[in-house]
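For reference, the structure is listed below as structure tokens.
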Amino acid sequence: DMAVEDFVIEEVQEVVEEEPPVRFVEKMPSFPGGQEALMAYLRENIKYPQAARDAGAQGTVLVEFVVEKNGSVSNVKVLNSVFSACDEEAIRVIKSLPKWNPGEANGKKVRVFYNVPITFSLQ
């Protein structure tokens, strides 16, 4: 017979405190190619929702998101709604954005809030 000892295994969870995003930094995040490239990306990828066309919905959806330290986009939400289908399309396209050049404060990459207006206009 062998004696079996009881082992107590403690689970230690690492607490990672992610600092909250900020609104203003010395070096704001930037889209690769600049503001013109961002606007071109939005023009090429936004599809005017048929339901919004049928309803004659027009206006500017203001979308807020966070540019993370690695340049990815997260926490996408609508601040100014126009029509639910337009809001959903704006969110879809913002979530599809390629990585940005992240913002910096005191020489370190930080999480930064960013707002983008997306205008839906019937011609």
Side-chain angles (χ1 to χ4, degrees):
D1 282 322
M2 292 175 53
V4 177
E5 293 181 33
D6 287 332
F7 287 96
V8 176
I9 299 173
E10 279 187 48
E11 188 175 321
V12 178
Q13 290 189 342
E14 183 180 346
V15 177
V16 177
E17 295 229 5
E18 189 66 59
E19 62 269 4
V22 294
R23 297 215 176 266
F24 303 103
V25 288
E26 293 133 31
K27 183 179 170 196
M28 288 297 285
S30 61
F31 188 77
Q35 200 67 15
E36 288 179 21
L38 172 59
M39 293 303 132
Y41 182 92
L42 296 175
R43 273 192 305 277
E44 291 167 15
N45 291 281
I46 293 270
K47 306 288 182 254
Y48 212 116
Q50 191 59 49
R53 283 183 189 278
D54 295 346
Q58 299 186 89
T60 301
V61 176
L62 183 60
V63 182
E64 178 182 77
F65 54 94
V66 174
V67 176
E68 297 290 343
K69 292 178 184 181
N70 68 358
S72 65
V73 169
S74 71
N75 301 353
V76 181
K77 68 180 181 181
V78 171
L79 295 182
N80 182 56
S81 176
V82 168
F83 187 81
S84 63
C86 294
D87 299 349
E88 291 167 15
E89 178 63 3
I91 289 171
R92 181 193 70 79
V93 172
I94 293 297
K95 285 183 173 180
S96 78
L97 289 171
K99 288 199 173 190
W100 288 52
N101 301 309
E104 291 183 18
N106 299 321
K108 291 170 52 178
K109 292 178 180 166
V110 293
R111 303 173 72 217
V112 182
F113 283 111
Y114 203 91
N115 293 343
V116 172
I118 299 176
T119 301
F120 290 86
S121 155
L122 295 168
Q123 300 298 329

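- Under the 4.5 Å side-chain heavy-atom criterion for ILVMFWY residues, no single connected hydrophobic cluster contains both Val76 and Val66.
- Not a single salt bridge (charged side-chain N to carboxylate O under 4.0 Å, His left out) links Glu88 to another residue, sequence neighbours left out.
- Closest approach of Pro32 and Ala37 over heavy atoms only: O-CB, 3.5 Å.
- Scanning both residues, Pro49 and Ala85, for their nearest heavy atoms gives CG-O, 3.4 Å.
- For Asp54, the side-chain hydrogen bond (donor to acceptor under 3.5 Å, both in side chains) test picks out Gln50, with sequence neighbours left out.
- The nearest pair of heavy atoms linking Ile118 to Ala90 is CD1-CB, 3.8 Å.
- Pairs of residues two or more places apart, or lying in two chains, that qualify as ring pair (Phe, Tyr, Trp, His ring centres under 6.0 Å) and include a residue from residues 74-104 are Phe31-Trp100, Phe65-Trp100, Trp100-Tyr114.
- Here the shortest heavy-atom pairing between Thr60 and Pro117 reads CG2-CB, 3.6 Å.
- The cluster map of Ile, Leu, Val, Met, Phe, Trp and Tyr, joined by side-chain heavy atoms under 4.5 Å apart, puts Phe24 and Val67 in different clusters.
- A donor-acceptor pair is defined here as one N or O able to donate and one able to accept, closer than 3.5 Å; no such pair exists between the side chain of Glu104 and the backbone of Glu26.
- Among residues two or more places apart in sequence or in another chain, the salt bridge (charged side-chain N to carboxylate O under 4.0 Å, His left out) test is passed with Lys95 by none.
- Judged as a salt bridge (charged side-chain N to carboxylate O under 4.0 Å, His left out), and not counting sequence neighbours, Arg53 has no contacts.
- Lys99 contributes atom NZ, which lies 4.0 Å from atom CG of Asn70 (distance to the nearest 0.5 angstrom).
- Looking at every heavy atom in both residues, Met28 comes nearest to Phe113 through CE-O, 4.2 Å.
- Residues passing the salt bridge (charged side-chain N to carboxylate O under 4.0 Å, His left out) test with Arg43, sequence neighbours excluded: none.
- Using a 4.5 Å cut-off between side-chain heavy atoms of Ile, Leu, Val, Met, Phe, Trp and Tyr, with links allowed through other members, Val82 and Leu62 fall into different hydrophobic clusters.
- For the pair Asn106 (side chain) and Lys108 (backbone), a donor-acceptor distance under 3.5 Å is absent.
- Residues Ile94 and Leu42 have side chains in contact (heavy-atom distance under 4.5 Å, counting atoms from C-beta outward).
- Side-chain heavy atoms closer than 4.5 Å link hydrophobic residues (I, L, V, M, F, W, Y) into clusters, and following such links, even through other members, never connects Leu79 to Val61.
- Looking at every heavy atom in both residues, Val93 comes nearest to Asn45 through CG2-O, 3.6 Å.
- Salt bridge annotation for Glu68-Arg111: present, with a cationic side-chain nitrogen under 4.0 angstrom from a carboxylate oxygen.
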